[in-house]
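Just so it is clear: chains get the letters A, B, ... in the order the sequence lines come, proteins before strands, and each one is counted from 1. Only this structure's heavy atoms are used, side chains among them; waters, hydrogens and symmetry mates stay out.
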Amino acid sequence: MNNRNFIAKRAAAYFKPGDVVNLGIGIPSLCGSYAAQGVLFQSENGFIGIGPTVNEGLMKSERFVNAGGVHFEPVPGSSAFDVAMSFGVIRSGRLGATVLGGLQVSAQGDLANWATPGRAFGMGGAMDLCNGAKQVIVAMELVAKDGSPKVVNRCSLPLTAIHCVDHIVTDRCVIDVTPEGLLLSEIRKGHTVEEIQAAVEPKLLVAPNLIEMEED
Amino acid sequence: MQLSKVRAMEQIVASFKDGQIVAIGGQTAQYMPERLIDCLLESGAKHLTVYSIDSSDPDIGVSRLLQAGRVDRIITTHVGTNPLTNARIQDGSLKAELIPMGTFIERIRCGGMGLGGVLTKTGLGTVVEEGKQVIEVDGQKYLLETALHADVALTRCRRADPLGNLAYRGSSGHASHPVIATCADLSIVECDHFCDLGEIGPDEVKVPGMFVDMILV
């Protein structure tokens with residue numbers, strides 16, 4: 001399984017039947033394929049019940065598009081509403097989880113994911129999602145393309161929210177944010193604790209029952 | 001006598017002036033009020049301030065106004081889908097205020113609903129907090145976010161009747177449209193289907209006609 005789908009599949013394992021979940025763009029958008037039955041997906045532009053992607057044909061309607069611009073078919077039991085209601089859902093603690101991309105996550109669970117130097121693309125709904133969702137799951141590669149750490153002591157990039165992240169799901173491991181610090185709880189086959197520790201800035205706690213992640 | 005709010009394109013074109021604040025419905029370059037944006041372009045109005053959830057994709061919706069050099073300032077939540085916007089922000093020709101999406105829509109809602117602002121936790125501890133009042137209620141901290149009111153609102157809906165009662169369909173078919181439609185002194189709507197009075201049942205009306213001033217059929 002490639003890294004992106006590996007991350008998405010593990011992140012989706014946090015969803016429980018009955019949860020309403022919001023997925024960000026990029027890797028998080030792949031989680032839908034791996035979610036348990038009975039999970040409903042929400043979209044910022046005003047929808048609960050995002051279903052399969054629709055390409056062409058009679059069902060394609062420009063009025064059913066998710067926040068990533070992808071056309072979809074509604075599932076039975078869906079509801080449509082405006083953005084004010086949509087963010088009421090998000091802020092009021094009713095979302096079971098949100099999965100977001102990340103540029104940096106700090107030892108305290110701060111997240112930075114909306115601006116880099118010279119390019120402020122905007123926070124969109126991310127700040128509200130981090131404020132309101134029951135679980136904030138960051139799905140990202142453990143290190144940046146240039147090999148620099150993305151799990152850091154302090155975020156140097158503009159913050160999305162402070163103390164918000166619950167789980168960091170990466171291509172090599174799962175790290176939980178706990179009151180005691182960052183806890184390495186799962187590790188992918190072929191990787192070592194020492195290698196993971198060397199790829200992040202904060203000192204990691206290692207779970208006594210460290211789990212080996214399933215490959216597929 | 002029936003007080004229909006349907007207007008010809010020329011009458012709508014004549015409503016725009018330089019320096020106006022124009023709030024525009026739609027998101028992710030989908031279901032934008034493109035015919036009303038045609039009218040705004042046709043009017044020649046410039047030095048506009050735009051309120052919009054995003055800056056669309058190149059050649060679509062809000063981006064057409066940006067590309068024509070009509071907009072000096074935009075209050076929005078996301079410009080990542082439009083490289084042209086980022087280029088104009090970087091070269092200083094466009095002032096952009098980026099705010100969280102939930103806060104954006106609540107500020108717009110306040111502007112339409114006669115409220116001065118809302119309290120939200122979104123943005124606490126980030127750059128969004130800078131310069132804002134922090135208010136404590138029952139031991140919880142919130143940011144005070146003030147109302148956004150526009151001169152003109154341009155939105156789109158699925159169905160409209162002559163009084164301006166509006167009904168919507170889908171996700172992108174709702175998006176910010178029903179909220180933006182309420183936030184301005186002059187609310188102009190373009191509809192996919194124009195209906196007789198009574199054809200949109202009272203329970204189906206999402207935005208009552210009293211919020212709407214002009215309809216482009």
Side-chain angles (χ1 to χ4, degrees), chain A residues 25 42-50 61-72 74 78-93 108 110-112 114-116 118-132 155 157-164, chain B residues 25-32 53-55 57 76-83 85-87 89-90 96 98-106 108-110 112-113 120-129 156 158 168-182 192 206-207:
Chain A
I25 52 174
Q42 187 252 9
S43 178
E44 288 92 325
N45 56 0
F47 208 82
I48 291 173
I50 308 278
S61 158
E62 66 172 315
R63 285 158 292 277
F64 291 89
V65 182
N66 71 19
V70 179
H71 295 254
F72 67 87
S78 292
S79 50
F81 34 83
D82 64 46
V83 180
M85 176 68 83
S86 194
F87 279 84
V89 169
I90 289 169
R91 279 188 312 263
S92 63
Q108 298 76 38
D110 301 342
L111 172 67
W114 66 276
T116 55
R119 186 156 189 269
F121 35 85
M123 64 290 281
M127 285 191 179
D128 296 283
L129 286 160
C130 288
N131 159 14
C155 297
L157 297 170
L159 291 176
T160 306
I162 56 171
H163 311 317
C164 64
Chain B
Q27 187 174 353
T28 328
Q30 300 289 333
Y31 203 64
M32 302 298 296
I53 280 203
D54 56 34
S55 64
D57 290 358
T76 186
T77 83
H78 194 272
V79 297
T81 53
N82 192 341
T85 316
N86 197 54
I89 294 170
Q90 296 304 328
L98 291 165
I99 60 181
M101 199 180 291
T103 299
F104 173 89
I105 203 69
E106 281 301 308
I108 294 278
R109 193 179 64 82
C110 288
M113 296 295 118
T120 178
K121 291 185 177 187
T122 301
L124 279 171
T126 74
V127 292
V128 170
E129 184 178 331
R156 185 169 164 188
R158 186 62 173 163
Y168 299 83
R169 175 174 156 79
S171 54
S172 35
H174 277 83
S176 57
H177 292 291
V179 189
I180 298 258
T182 66
D192 299 351
K206 171 85 181 180
V207 174

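Residues A:W114 and A:M127 are in side-chain contact: their nearest non-hydrogen atoms beyond the backbone lie under 4.5 Å apart.
For a residue to count as touching a neighbouring chain, one of its non-hydrogen atoms must lie under 4.5 Å from one of that chain's; by this rule A:R119 touches chain B with backbone and side chain alike. For B:I180, no part lies under 4.5 angstrom from a heavy atom of chain A. Proximity to chain B (any heavy atom under 4.5 Å) is restricted, for A:A161, to the backbone atoms N, CA, C and O. Heavy atoms closer than 4.5 Å to chain B are found in the side chain of A:F87, but not in its backbone. Both the backbone and the side chain of A:D128 come within contact range of chain B, judged by heavy atoms closer than 4.5 Å. Of the two parts of A:D110, neither the backbone nor the side chain holds a non-hydrogen atom closer than 4.5 Å to a non-hydrogen atom of chain B.
Counting heavy-atom pairs closer than 4.5 Å to chain A, the top residue among B:G26, B:S172, B:G173 is B:S172. Annotation: maximal heavy-atom pairing with chain A below 4.5 Å, among B:S171, B:G102, B:G170, occurs at B:S171. Of the listed residues (B:I99, B:T76, B:I53, B:T103), the one with the most heavy-atom contacts under 4.5 Å to chain A is B:I99. Most heavy-atom pairs under 4.5 Å with chain A: of the set B:S176, B:A175, B:G123, this distinction falls to B:A175. Here B:R169 is the residue among B:K121, B:R169, B:Q27 with the most heavy-atom pairs under 4.5 Å with chain A.
In this structure, the side chain of B:D54 engages the main chain of B:T28 through a donor-acceptor pair within 3.5 Å.
Within 6.0 Å of CD1 on A:I25 lie no more than 12 heavy atoms contributed by other residues, nucleotides or ligands.
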